[in-house]
S.K.: 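I'd like to ask some things about the structure below.
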Amino acid sequence: MSTQIDSLLHEDRRFPPSEEFAAQAIASAELYERASSDRLAFWSDQSRELLTWSKPFTKTLDWSNPPFATWFDDGELNVAYNCLDRHVEAGNGDRVALHWEGEPGDTRTITYAELTAEVKRAANLFTSLGVEAGDRVAIYLPMIPEAIVSMLAVARIGAVHSVVFGGFSADSLRSRIDDAEAKLVITADGGYRKGKVSALKPAVDAALASRGELPEQATVDHVLVVRRGENEVDWTAGRDLWWHEAIADAEPEHEAQPFPAEQPLFILYTSGTTGKPKGILHTSGGYLTQTAFTHKNVFDLHPETDVYWCTADIGWITGHSYVTYGPLANGATQVLYEGTPDAPHPGRWWEIIEKYGVSIFYTAPTAIRSFMKLGRKIPKQFDLSSLRLLGSVGEPINPEAWMWYRKIIGNKVAPIVDTWWQTETGAIMVSALPGVTSTKPGSAQVPIPGIAIDVVDDAGDAVGAGGGGLLVVTEPWPSMLRGIWGDPERFKETYWEKFWNVEGGPFYFAGDGARLDSDRDVWLLGRVDDVMNVSGHRLSTAEIESALVANEMVAESAVVGAADETTGQAVVAFVIIKESHLEQASGLADITGALRSWVGEQIGPIARPREVYLVNELPKTRSGKIMRRLLRDVAEGREVGDTTTLADTTVMQIITDKMVKST
Ligand code: ATP
Ligand code: MG
């Protein structure tokens, strides 16, 4: 079968939960039983248990008009009330919601009572600026408490936020403001990044000025500006308002009105790893149900005692679901950090964990691999003993990176949950449940209770245990995207057309390759677009990259298929050497030859790269994901394609120069 992906990686390490962890775990095997006996009843029970509904729902799922689903349709709730007021009413107003840490070291501690009060004022302020339920608000802020306050205040009045990552240019911001026809933009003068103030307001000014050329399209009435960087900014009288002044004038009391379960909550653009970002639409009741459920069970959250930290920027879906909505709906205490991991020193994250006694830590493989590159000496200088659970998201985590995470950061005891999901899925879909699942390095493992996924071939037939193919979601789920903003056709085409007419369908096509091992655990193999075809064998990028990372000299790698006269495609690898091994590597006469042989030995001659290039950096999106399509361009000698979502545009030039030198 042509879509079968050959599996080469063998990984036999297993880590059953410790008795101690299992005894206190929130999740239990019973969740799977309840979910499989009646999936819809399971989700409606979860929703009633985890959320406060102003008007109880009587219907769970409506799938009569696929691919457009509704969940809990006749119910009403207020998302912000669920994240704030109800915790205060339950007597937990004094609990810390946010331990905020600015990059220069300034801090703010904000309790649930304080956060609620701030959101009430902001809700009144937005209303006074003319924002009504259903209107769109663009948020372009650094990682400061006002970012979360803004999201929740928008939600509180039934409006729709579109958070744009603070690192994006005026152009990206403008296209997102236009696409959503935002009425209000919330920004800051600047924020701290890598030890200095990085201005934000100029990008907003530029984005809005360039729109002025088409005044009939201009929708933005006001720009609210948080003072953070204290940098000089231009000011447009009548349009621009200082946040601190406006909020001081706003009424303090605000009663949250209920909105329908399907009230749009936000639009968020995908990372753009594979192409042009898509404006993904999420709604309220189903989204909050699944984010709260997964945040509680996957992260084993004990809200009275845990200190949780998710390092994602709120500009990404992980920041929406696992910084703002999931943790606050569950009344968690969390750390929010403004800056970069290496400012002012490379141990900054570990210092923060020690300082706040972080017990649950959620980050991305790209971060773990960059710490591996620098070596264990840095984390070893800090007391990380408070950590009891680790999470990973964003890319496949290579087994060796997983082992390093467990050993060096998790003190050899903290369970690791590798969570597979997407902007489109809204919440975690595949993950181990800590205390229940025996974990396997490199595997995302099992669908969470109440979620139905499978791995299928091109015809939509299940490949079964031991097979590789395409990951699909076979049943609608509460936090599923409700569409692409303004483009229902693209929604159908991108995600549903491929498996529309299959038995048991339609299936949601995730765009990722995956295989099932003999226990039916899921292993993500990378993007379907990136799968290589070498002499008729379909090979996964993730497995060959993992083999390379398993070499003690290698910190990170990216593999692509480049056109080849004899084999159709050939494997080309880009490799970053660990700092501690740079000397050893440069001492080897033929390091690239050694790495090619290594892959051949580890996973078989078919996977042996035709070329290995040593590089210092890899092209990554702003959210840290490797952009293999750009590497494919250079490997095939083409001009490099669209780099607008690239974090550092100089990287491609450096890589291209290097390749010219070494060939
Ligand atoms: P675009 O869709 O615009 O190309 P993107 O897919 O990078 O952007 P996101 O929604 O941020 O945007 O990323 C979701 C993707 O990240 C998944 O489809 C998958 O490829 C990858 N991913 C996320 N978590 C995991 C994980 N735990 N294991 C493997 N891959 C993961
Ligand atoms: Mg995607």
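Since we're looking at a predicted model, the values are computed, not measured.
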S.K.: Which residue pairs satisfy the side chain to side chain donor-acceptor pair (under 3.5 Å) criterion with at least one member in residues 127-138, sequence neighbours excluded?
M.R.: D135-K183

S.K.: Quick check: does any side chain N or O of H320 sit under 3.5 Å from a backbone N or O of I314, one acting as donor and the other as acceptor?
M.R.: yes

S.K.: With a 4.5 Å cut-off on side-chain heavy atoms, are I317 and F266 touching?
M.R.: yes

S.K.: Determine, for R228 against E146, whether the closest basic-nitrogen to carboxylate-oxygen distance falls under 4.0 angstrom.
M.R.: no

S.K.: For side-chain contact (heavy atoms from CB on, under 4.5 Å), just list the numbers for L630 and V651, CA-CA rounded to whole Å, side-chain angles, deciding distance to a tenth of an Å, and then say yes or no.
M.R.: CA-CA 11 Å; L630 300 181; V651 165; over 6 Å; no

S.K.: Quick check for you: to the nearest 0.5 Å, what is the distance between H254 atom NE2 and Q257 atom CD?
M.R.: 7.0 Å

S.K.: Could you pull out the closest heavy-atom pair between F126 and S150, with the gap in Å?
M.R.: CE1-O, 3.8 Å

S.K.: What are the two closest non-hydrogen atoms of L141 and A188, and how far apart are they?
M.R.: CD2-N, 3.6 Å

S.K.: Could you walk me through whether F299 and I428 pass side-chain contact (heavy atoms from CB on, under 4.5 Å), step by step?
M.R.: CA-CA 11 Å; F299 298 115; I428 294 169; 4.0 Å; yes

S.K.: What class does the angle between the rings of F57 and W53 fall in, given that below 30° is parallel, 30 to 60° is tilted and above 60° is perpendicular?
M.R.: perpendicular

S.K.: R176 side chain to V164 main-chain N or O, any donor-acceptor pair under 3.5 Å?
M.R.: no

S.K.: Is the backbone N or O of G195 less than 3.5 Å from a side-chain atom of E103, with the two atoms forming a donor-acceptor pair by type?
M.R.: yes

S.K.: So E89 and R86, salt bridge (Lys or Arg N to Asp or Glu O under 4.0 Å) or not? Walk me through it.
M.R.: CA-CA 5 Å; E89 288 165 13; R86 65 172 177 148; over 6 Å; no

S.K.: Distance check, rounded to the nearest 0.5 Å: E251 atom CD versus L125 atom CG?
M.R.: 11.5 Å

S.K.: Check whether any side-chain N or O of S479 sits under 3.5 Å from a backbone N or O of T425 as a donor-acceptor pair, and report yes or no.
M.R.: yes

S.K.: For S162 and Y269, which I'm curious about, is there any donor-acceptor pair between the side chains at under 3.5 Å?
M.R.: no

S.K.: Can you tell me how far CH2 of W477 sits from CG of L61, rounded to the nearest 0.5 angstrom?
M.R.: 11.5 Å

S.K.: Rounded to the nearest 0.5 Å, what separation is found between the CD1 atom of I626 and the OG1 atom of T366?
M.R.: 7.0 Å

S.K.: Any side chain to side chain donor-acceptor pair (under 3.5 Å) involving residues 185-197? Give me the pairs, sequence neighbours left out, ordered by first then second residue.
M.R.: none

S.K.: Is there a side-chain contact (heavy atoms from CB on, under 4.5 Å) between D221 and L129 once you walk through the steps?
M.R.: CA-CA 8 Å; D221 300 328; L129 295 176; over 6 Å; no

S.K.: Take the angle between the ring planes of Y322 and H295 and call it parallel below 30°, perpendicular above 60°, tilted in between.
M.R.: parallel

S.K.: Considering only heavy atoms from C-beta outward, does the side chain of I177 approach that of L208 to under 4.5 Å?
M.R.: yes

S.K.: For the residue pair A261 and L77, what are the closest heavy atoms and their distance?
M.R.: CA-CD2, 4.1 Å

S.K.: Please check if any side-chain donor atom of S169 sits under 3.5 Å from a side-chain acceptor atom of D171, or the reverse.
M.R.: no

S.K.: Is there side-chain contact between L241 and H222, with at least one heavy-atom pair below 4.5 Å?
M.R.: yes

S.K.: Taking the side chain as C-beta and beyond, is there a heavy-atom pair between T494 and E424 under 4.5 Å?
M.R.: no

S.K.: Could you verify whether a donor N or O on one side chain and an acceptor N or O on the other, from E262 and T283, lie under 3.5 Å apart?
M.R.: yes

S.K.: Could you tell me whether the side chain of W243 reaches within less than 4.5 Å of the side chain of R227, counting heavy atoms only?
M.R.: no

S.K.: Would F72 and W43 count as a ring-ring contact (aromatic ring centres under 6.0 Å, His included) if you check the C-alpha gap in whole Å, the side-chain angles of each, and the deciding distance to 0.1 Å?
M.R.: CA-CA 10 Å; F72 316 121; W43 280 119; 8.2 Å; no

S.K.: Would you say N78's side chain and A256's backbone share a donor-acceptor pair under 3.5 angstrom?
M.R.: no

S.K.: Output yes when E49 and K296 qualify as a salt bridge under the 4.0 Å nitrogen-oxygen rule, no when they do not.
M.R.: no

S.K.: At what distance, to the nearest 0.5 angstrom, does CD1 of I139 lie from CD1 of I186?
M.R.: 5.0 Å

S.K.: State, to 0.1 Å, how close G641 and R629 come at their nearest heavy-atom pair, and which atoms those are.
M.R.: C-NH1, 4.4 Å

S.K.: For Q334, does its backbone N or O pair with a side-chain atom of H99 as donor and acceptor, under 3.5 Å?
M.R.: no

S.K.: Do S623 and S271 have side-chain N/O donor and acceptor atoms under 3.5 Å apart?
M.R.: yes

S.K.: Quick test of your reading: applying side chain to side chain donor-acceptor pair (under 3.5 Å), list the pairs with at least one residue in residues 308-318, sequence neighbours left out, ordered by first then second residue.
M.R.: T311-T363

S.K.: So which heavy atom on E114 is nearest to which on T109, and how close?
M.R.: OE1-O, 3.5 Å

S.K.: My understanding is that only one of Y508, F68, W485 makes a ring pair (Phe, Tyr, Trp, His ring centres under 6.0 Å) with F491; could you say which?
M.R.: F68

S.K.: Return the set of residues passing side-chain contact (heavy atoms from CB on, under 4.5 Å) with E497 (not counting sequence neighbours), or none when no residue passes.
M.R.: E493

S.K.: So, using side-chain contact (heavy atoms from CB on, under 4.5 Å) as the criterion, who are the partners of P264 when residues are at least two apart?
M.R.: V160, L281

S.K.: Give a yes or no answer on whether the side chain of R121 reaches the backbone of A250 with a donor-acceptor pair at less than 3.5 Å.
M.R.: yes

S.K.: Any non-hydrogen side-chain atom of L481 less than 4.5 Å from a side-chain atom of H282?
M.R.: yes

S.K.: Within the structure provided, determine whether L328 and L115 are in side-chain contact (heavy-atom separation under 4.5 Å).
M.R.: yes

S.K.: State whether the number of non-hydrogen atoms from other residues, nucleotides or ligands found under 6.0 Å of D234 atom CG is greater than 12.
M.R.: no

S.K.: Measure the shortest side-chain to side-chain distance between Y112 and N92 over non-hydrogen atoms and say whether it is less than 4.5 angstrom.
M.R.: no

S.K.: Check this for me: D106, atom CG, are more than 12 non-hydrogen atoms of other residues, nucleotides or ligands nearer than 6.0 Å?
M.R.: yes

S.K.: Output all residues satisfying side-chain contact (heavy atoms from CB on, under 4.5 Å) with E245, sequence neighbours left out; order by chain, then residue number.
M.R.: W242

S.K.: Measuring from atom CD of E489 to atom CD1 of I484, what distance do you get when rounded to the nearest 0.5 angstrom?
M.R.: 10.5 Å

S.K.: Spell out, as yes or no, whether a donor-acceptor pair under 3.5 Å connects the side chain of T324 to the backbone of I148.
M.R.: no

S.K.: Does W71 form a side-chain contact (heavy atoms from CB on, under 4.5 Å) with T60? I'd like the steps, not just the answer.
M.R.: CA-CA 5 Å; W71 282 84; T60 302; 3.7 Å; yes

S.K.: Please determine if E351 and R348 form a salt bridge, counting it only when a charged side-chain N lies under 4.0 Å from a carboxylate O.
M.R.: yes

S.K.: Do you know which two heavy atoms are closest between P506 and P66, and how far apart they sit?
M.R.: CG-CB, 4.1 Å

S.K.: I'd like to know if the side chain of E181 and the backbone of T219 have a donor-acceptor N/O pair within less than 3.5 Å.
M.R.: no

S.K.: Is it true that, when you exclude E230 itself, more than 12 heavy atoms of the residues, nucleotides or ligands shown sit nearer than 6.0 Å to its CD?
M.R.: yes

S.K.: With a 3.5 Å distance limit and no angle check, can you tell me whether Q290 reaches the backbone of G426 through a side-chain donor-acceptor pair?
M.R.: no

